[in-house]
2 protein chains.
Amino acid sequence: MNVTIKQIAQEAGVSLTTVSNVINHKAHRVSEEKRQIIEAIIKKYDYSPNMNARALVQSSSRLIGLLYFSDTPRLDFSDPFVTEILEGIERKTKEAGFFTLIHNVISKHDILAVQKNWKFEGFIAVGFSQELFEEINQAVQSPIVFIDTHLEARVYDHIEDYPKRYFINTDDFQAAYAATSFLIEKGHQEIAFLSHVFDDSHPGVIQQRFLGYKKALEINQLSWQEHLIFNKSDFQEMLSKRKDYSAVLVSADYLAMEFIYFLKQAGHYEVEDVSIISFDDIKYAALNDPPLTTIRLDQISKGEQAMQLLADIIDKEEDPQQITQLYGSLIVRETVVQHH
Amino acid sequence: MNVTIKQIAQEAGVSLTTVSNVINHKAHRVSEEKRQIIEAIIKKYDYSPNMNARALVQSSSRLIGLLYFSDTPRLDFSDPFVTEILEGIERKTKEAGFFTLIHNVISKHDILAVQKNWKFEGFIAVGFSQELFEEINQAVQSPIVFIDTHLEARVYDHIEDYPKRYFINTDDFQAAYAATSFLIEKGHQEIAFLSHVFDDSHPGVIQQRFLGYKKALEINQLSWQEHLIFNKSDFQEMLSKRKDYSAVLVSADYLAMEFIYFLKQAGHYEVEDVSIISFDDIKYAALNDPPLTTIRLDQISKGEQAMQLLADIIDKEEDPQQITQLYGSLIVRETVVQHH
DNA sequence: TTGAAAGCGCTACCAA
DNA sequence: TTGGTAGCGCTTTCAA
């Protein structure tokens, strides 16, 4: 059995309370002399408090819930979106003395289940929809950092009505706008859009990028064309329409790599024929042949910032700014060329 | 506040004990009539028990600790080794009703800290060294599934002395042997070995592969040559020695991709000149140009099996076989060609 | 079949 | 500055 506070108190010849005060660094409530004795014993047994007991009585569980939203029952960890955020969180979580419990959330019920079970000090929610945001906002009172969660404007406009809700987003609209503008600068006029299927009518990462793409075209007196909007299952169609566009804006590096691979297989890939720009800058992007021109979205940093935010709120009782907007940066490599 | 067992008991007009019995499916101790009443109330409030309280009194926390060993303070989540196992675990963890707490372990102290803090029902330990295995074996009595943990033979030879310790490993020796043999069959005689730095004298994944590589050479009357053993920082040297070998066995797909990229940059990559085979079959391997010939190690499946094992042990009280040996499978793509 | 009560390890409150 | 005690929500004897 592990050492308990009781045994330590006994050995030190003091009360439980005194030991507890030492542990919780309420130094001013304990004499220096006793503190030293107690700390020696704590060290001797390498004692650390039972988190369950602690969490039961108060709310300091040191537990952070990492909630991934996915509409499929499976989380795709090969997606850097998922994995890099986790890496960022892990980097901070230990130094801040927290524990991270991962949970894949599909529905409202999952949220309730996980949060009733354990006392969380905070949550990091990734990729939530508007609907799920409303749910969790209702159900949970501890602080929540939302990453890559695009909501209806009314939420951001009245952010003060949502205390303890924090948002770390990339400005996806802006990122897509920049990427599309870059293509246009390079002389491209017929620019296709390739993404995973998405819901055009609800706020979301891809929807924002789609909007940014359309805006950039518009500003440059180009009009977007329905028949140049593709998704993952349209590779064949994209091949047959290859004369209709000179460049493609792809919503993820991995998808771009798949597309390039597909074209190569078909014997129809020439950088001169089709310029490609995508998003993420995953580490494989630089190794691709040719290396991908892409918009870097620093997901690792999002994870780090999210955890840092939580640590500040919980430990320092700060109340940081609720919205953190990040910007993608254009990484010029070799998949985009001047169009003539 | 959440509903407690007490309130449910009150509303149902029964005692705490009775409610507890219903929750814990001790149906034989409760009358059918009361059971129904109680279950209705539970459903009404969507009640689920407080895990902290439960864990405090007994050991059923439903908590699984996922312990990653890395000798650096940072976990590299871009390594599929890390990420795919996690994916496999997540797939099973929810259906089995567990929660997964991730922890990056660098030293003995980390293990103790994490395990004293929470009551874990089991652990999944990834990539542990012999030394750390001894530590955790001492410190923990709950079941532990070790993934990719190569230990000294004496442990496996007396596996019965290590109850509740389970091992899921790829036969890395065999995998490397097969890969090297494949190269030899293709007419290669001068075969280089490229890996991350590793400790030759201690059991480990790369060490096993190195042994398999040497064995295959030996069996075929070829001898391994010190000057053909490289690591990540030797790319330049490998380039200058390019005439000394016609094939390379690389310990990971990602490293192989880096190497190929390096050669391409240097203007010295020709499939005809240097055959490359590696390990993992990450999803980028198939998209590489040329697609990687590799040994597929199904890491996702390891994660799934690990979690399944734990679920069987904990819930079904089975005592499964302690050692699960998996085998890599050769995926022939285009980086290995016949040598003349 | 049911319930009362003890206690898991800890913190918080109040009193000394 | 210290200690006694109640109680967090639950399970588990033991008795009825």
Side-chain angles (χ1 to χ4, degrees), chain A residues 1-39 41-42 45-63 113 115-121 141-142 314, chain B residues 1-39 41-42 45-63 113 115-121 142:
Chain A
M1 209 44 231
N2 279 329
V3 194
T4 70
I5 217 175
K6 196 172 168 184
Q7 293 165 47
I8 294 183
Q10 214 152 47
E11 187 162 336
V14 298
S15 73
L16 297 187
T17 312
T18 307
V19 178
S20 177
N21 280 332
V22 171
I23 292 163
N24 296 290
H25 301 106
K26 301 189 176 167
H28 54 289
R29 311 188 139 278
V30 186
S31 67
E32 181 59 22
E33 179 198 13
K34 302 222 168 188
R35 220 205 67 227
Q36 299 214 347
I37 298 175
I38 293 168
E39 283 187 342
I41 301 178
I42 287 177
Y45 291 118
D46 196 16
Y47 166 84
S48 71
N50 178 313
M51 285 306 201
N52 288 305
R54 179 177 270 185
L56 187 58
V57 24
Q58 49 158 42
S59 46
S60 168
S61 62
R62 301 265 94 190
L63 207 53
Q115 96 105 357
K116 276 184 170 173
N117 272 279
W118 305 91
K119 280 200 177 170
F120 288 94
E121 294 206 52
Q141 54 286 315
S142 25
I314 295 166
Chain B
M1 209 43 230
N2 280 328
V3 194
T4 72
I5 217 176
K6 195 172 171 185
Q7 294 165 48
I8 294 183
Q10 213 153 46
E11 187 162 337
V14 299
S15 74
L16 298 186
T17 313
T18 307
V19 178
S20 177
N21 281 332
V22 172
I23 291 164
N24 295 293
H25 300 107
K26 303 192 173 164
H28 54 287
R29 310 186 140 278
V30 186
S31 68
E32 181 60 22
E33 180 198 13
K34 302 220 170 191
R35 219 205 70 227
Q36 299 216 344
I37 297 175
I38 293 167
E39 284 189 339
I41 300 177
I42 287 177
Y45 291 119
D46 195 18
Y47 167 83
S48 71
N50 178 313
M51 286 305 201
N52 288 306
R54 179 175 268 184
L56 187 59
V57 24
Q58 50 159 39
S59 46
S60 168
S61 62
R62 301 263 93 192
L63 207 53
Q115 95 106 356
K116 277 184 170 172
N117 272 280
W118 306 93
K119 281 199 175 171
F120 288 95
E121 295 206 49
S142 26

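None of these values were measured; they are calculated from a predicted model. A note on names: the letters A, B, ... follow the listed sequences, proteins ahead of strands, and every chain is numbered from 1.
Side-chain contact between B/N50 and B/T4 is absent, with no heavy atoms from C-beta onward closer than 4.5 Å. In this structure, B/K34 and B/N21 have side chains that are not in contact, with every pair of non-hydrogen atoms separated by 4.5 Å or more.
Separating the NZ atom of A/K34 from the C1' atom of D/dT2 is a distance of 7 Å, rounded to the nearest angstrom. Protein atom NE2 of B/H25 is 15 Å distant from nucleotide atom P of D/dC10, rounded to whole Å. Note: CD (A/Q10) to P (D/dG3) measures 13 Å, nearest angstrom.
Checked against side chain to side chain contact (heavy atoms under 4.5 Å, CB included), B/E32 has the following partners two or more places apart in sequence or in another chain: B/R35, B/Q36. For B/A12, the side chain to side chain contact (heavy atoms under 4.5 Å, CB included) partners two or more places apart in sequence, or in a different chain, are B/V14, B/I37, B/I38, B/I41. Taking the side chain to side chain contact (heavy atoms under 4.5 Å, CB included) definition, one finds that B/L16 meets it with B/I5, B/K6, B/A9, sequence neighbours left out. Applying the side chain to side chain donor-acceptor pair (under 3.5 Å) test to B/S48 and every residue at least two apart in sequence or in another chain returns nothing.
Between A/S15 and the phosphate of D/dT2, there is no side-chain N or O to OP1/OP2 separation shorter than 4.0 Å.
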Any N/O pairs under 3.5 Å between the protein and nucleotides 10-14 of chain C? List them or say none.
| residue | atom | partner | partner atom | Å |
| --- | --- | --- | --- | --- |
| C/dC10 | OP1 | A/Y47 | OH | 2.4 |
| C/dC10 | OP1 | A/N50 | N | 3.3 |
| C/dC10 | OP2 | A/I5 | N | 2.5 |
| C/dT11 | OP1 | A/N24 | OD1 | 3.4 |
| C/dT11 | OP1 | A/N24 | ND2 | 3.3 |
| C/dT11 | OP1 | A/R54 | NE | 3.0 |
| C/dT11 | OP1 | A/R54 | NH2 | 2.9 |
| C/dT11 | OP2 | A/S20 | OG | 3.0 |
| C/dT11 | O3' | A/Q58 | OE1 | 3.3 |
| C/dA12 | OP1 | A/Q58 | OE1 | 3.1 |
| C/dA12 | OP2 | A/K26 | NZ | 3.2 |
| C/dA12 | N6 | A/T17 | OG1 | 3.3 |

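Closest heavy-atom contact between A/R54 and A/P49: NH2-CG, 3.6 Å.
Over its full length, the helix from C/dT1-D/dA16 to C/dA16-D/dT1 turns its helical axis through 40°, comparing axes from the five pairs at each end and rounding to 10°.
Here D/dT2 is the nucleotide among D/dT2, C/dG3, C/dT1 with the atom lying nearest to any side-chain atom of A/V30.
A donor-acceptor contact under 3.5 angstrom links the side chains of B/Y45 and B/E11, judged on distance only.
Comparing B/L56 and B/V14, the nucleotide of DNA chain C nearest to each residue sits closer to the 5' end for B/V14.
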